[in-house]
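Inspection log for the structure reproduced underneath, given as structure tokens.
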There are 2 protein chains.
Amino acid sequence: MTALQAVNSQHAAALKARTAWMASQDGSEPLSTSGTVVQFAEGHEIFAEAEEPEAFFKVVSGVVRVCKFLSDGRRQIEAFHVAGEMFGLELGGERLLCAEAVSDCTLVSYRRRSIETLALKDEKITRQLFQYAMQNLANAQNHSLLLGRRGAAEKMASFLLSQAEHSADGRTVNLAMTRQDIADYLGLTIETVSRSLSQLERQGMIALSNTRELRLKKIEALEDLAA
Amino acid sequence: MTALQAVNSQHAAALKARTAWMASQDGSEPLSTSGTVVQFAEGHEIFAEAEEPEAFFKVVSGVVRVCKFLSDGRRQIEAFHVAGEMFGLELGGERLLCAEAVSDCTLVSYRRRSIETLALKDEKITRQLFQYAMQNLANAQNHSLLLGRRGAAEKMASFLLSQAEHSADGRTVNLAMTRQDIADYLGLTIETVSRSLSQLERQGMIALSNTRELRLKKIEALEDLAA
DNA sequence: CGCTTAATTGATCAGGGTCAATCGTGGTGG
DNA sequence: CCACCACGATTGACCCTGATCAATTAAGCG
């Protein structure tokens, strides 16, 4: 049960909704006119496992976690999604994962039905969706490598480096998630996460400003660790 | 280096090639006319990491492993692909994984370029490809859950059940792969794989006929383990 | 200013890794 | 045909990393 205690699962509520406005990221953004902006407060559920997938989402701001549960409550976070990333794309009649807001966040929601008809008309949309699906796949596969074949410190180093990537200067990291979230993402316990961080700090590779904010001091060394 | 010693990596050779003939699996098989049959001998490489992806493949017979390597030689097998499954679908300019024949196998190869033009004309092909990509994604995500949050015996039970699924009677399993392959798929060592199997046998859940063949005796119990 | 929840730290334990010996099987050559 | 060899698999002994249990500290929040 210990994995469950940190998991908020109140029901989701859309706070605002209007015609989508989206920052484009690679010039073209063919989906821009068809979505709806929705917001979720920290800890709230965006969609649940086994639900019928009616829409998928793109992150505008905030962080979303996408995860699965084992029957005994153990949780595996598959991915954290940040601004610009798409999640919740599923073909079947039932969701395989659930999604929750790690922090307050703003999303654009695309109804599955309307996208499907749109995709028939515009080949660019199809390509775009494919792109997102394949990106998710690549992430999942890297995640497997991380989970299966690395020690605790290696996992942390790897995680921190990936976090630093979507950071402004590439050195300062603002963790949106709790230690429990990190643990469930890396397949570790909260204690081991904490110890790994302390250890990296003792070795001078990182500096913790406070619980949620840190700086990477020796990127080189961290990369060696992450191998 | 111990992980490397079991990895064959001779170069691939196509033995036969003619216009594709394919068994249809769900009525429609829009890709059937556009592929080329190729064969690979056990242990041979189908494509390598970092190579340019020129084609993707569908398994006709045999088993294929798809995997990644860490710089020190540790290997993570992402998936085993059997008859009917598609693999090697990638968008970028560089392959993220490599693929090797676990047993002698027959594949249908689809050239990326020709499929792309075909997909433009036939919406069914696009849909089909999407389907495969999403299936791979779902598999990868289940794999993460397996790797991150389960003990050795649980992993084995889970693996055996999944193998039994593509078996005729759902109880008899013919392992196409070595213990090393299984270990690298489950994120364990060869010894732990062996011990887990012995343990499951001692508990009467399975019966090993020989190294490569076994029967599931207590599916119920195995499912409980796999949770 | 307490109260609650998150995070750190320490002590101990156990699951799985490592090292090493043995077994089994299939292939080869005398 | 059988002895030998090579390689994969099994088994055992021991060790180490990370989990567990428990206590303490830090940080929000009413």
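By convention in this document, chain letters (A, B, ...) are assigned in the order of the sequence lines, proteins followed by strands, and residues within each chain are numbered from 1.
Taking atom CG of B:Asn210 as the reference point, atom C1' of C:dG26 lies 12 Å away to the nearest angstrom. If you measure from atom CG of A:Leu208 to atom P of C:dA7, you get 12 Å, rounded to the nearest angstrom. For the pair A:Met156 CE and D:dT17 C1', the interatomic distance rounds to 17 Å; values are reported in whole Å. When the P atom of D:dT17 is taken as reference, atom CG of A:Leu225 falls 14 Å away, rounded to whole Å. One interatomic measurement links the two molecules: CD of B:Gln180 to C1' of D:dT10, which rounds to 15 Å at whole-angstrom precision. Following rounding to the nearest Å, B:Arg179 (CZ) and C:dG24 (C1') show an atom-to-atom distance of 12 Å. As a whole-Å value, the separation of B:Leu197 CG from D:dA9 P is 10 Å. Atoms CD (B:Glu42) and P (C:dG26) sit 14 Å apart, rounded to a whole Å.
Under the 30°/60° scheme for interplanar angles, the aromatic rings of A:His81 and A:Phe87 are found to lie parallel.
Between the side chain of B:Asn174 and the main chain of B:Glu213, no donor-acceptor pair closer than 3.5 Å is present. A distance-only check finds a donor-acceptor pair linking the side chain of A:Ser167 to the backbone of A:Thr172 [under 3.5 Å].
Along DNA chain D, the nucleotide nearest B:Ser198 and the nucleotide nearest A:Arg212 are compared for position; the residue whose nucleotide lies closer to the 5' end is B:Ser198.
Salt bridge status for B:Glu201 with B:Arg215: absent, with no side-chain N to carboxylate O gap under 4.0 Å. Using a cut-off of 4.0 Å between Lys/Arg side-chain N and Asp/Glu carboxylate O, A:Arg74 and A:Asp72 are scored as salt-bridged. Ion pair A:Arg95/A:Glu90 flagged as a salt bridge, since at least one NZ, NE, NH1 or NH2 atom sits closer than 4.0 Å to an Asp/Glu carboxylate oxygen.
Across its full length, the helix from C:dC1-D:dG30 to C:dG30-D:dC1 shows an angle of 30° between the axes of its 5 terminal pairs at either end, rounded to 10 degrees.
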Test log, rule side-chain contact (heavy atoms from CB on, under 4.5 Å), inputs B:Leu145 and A:Phe69: CA-CA 8 Å; B:Leu145 183 60; A:Phe69 291 90; over 6 Å; no
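A side-chain donor from one of A:Thr106 and A:Gln39 sits under 3.5 Å from a side-chain acceptor of the other.
Here B:Ser194 lies in heavy-atom contact (under 4.0 Å) with a base.
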Dump the pairs, protein N or O against N or O of nucleotides 10-17 of chain C, anything under 3.5 Å, distances to one decimal.
| residue | atom | partner | partner atom | Å |
| --- | --- | --- | --- | --- |
| C:dG10 | N7 | A:Arg195 | NH1 | 2.8 |
| C:dG10 | O6 | A:Arg195 | NH2 | 3.4 |
| C:dA11 | N6 | A:Arg195 | NH2 | 3.4 |
| C:dG16 | OP1 | B:Ala152 | N | 2.6 |
| C:dG17 | OP2 | B:Thr189 | N | 3.4 |
| C:dG17 | OP2 | B:Thr189 | OG1 | 3.2 |
| C:dG17 | OP2 | B:Thr192 | OG1 | 2.4 |

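B:Phe80 does not carry B:Arg65 over the face of its six-membered ring by the limits of under 6.0 Å from the centre and within 45° of the normal.
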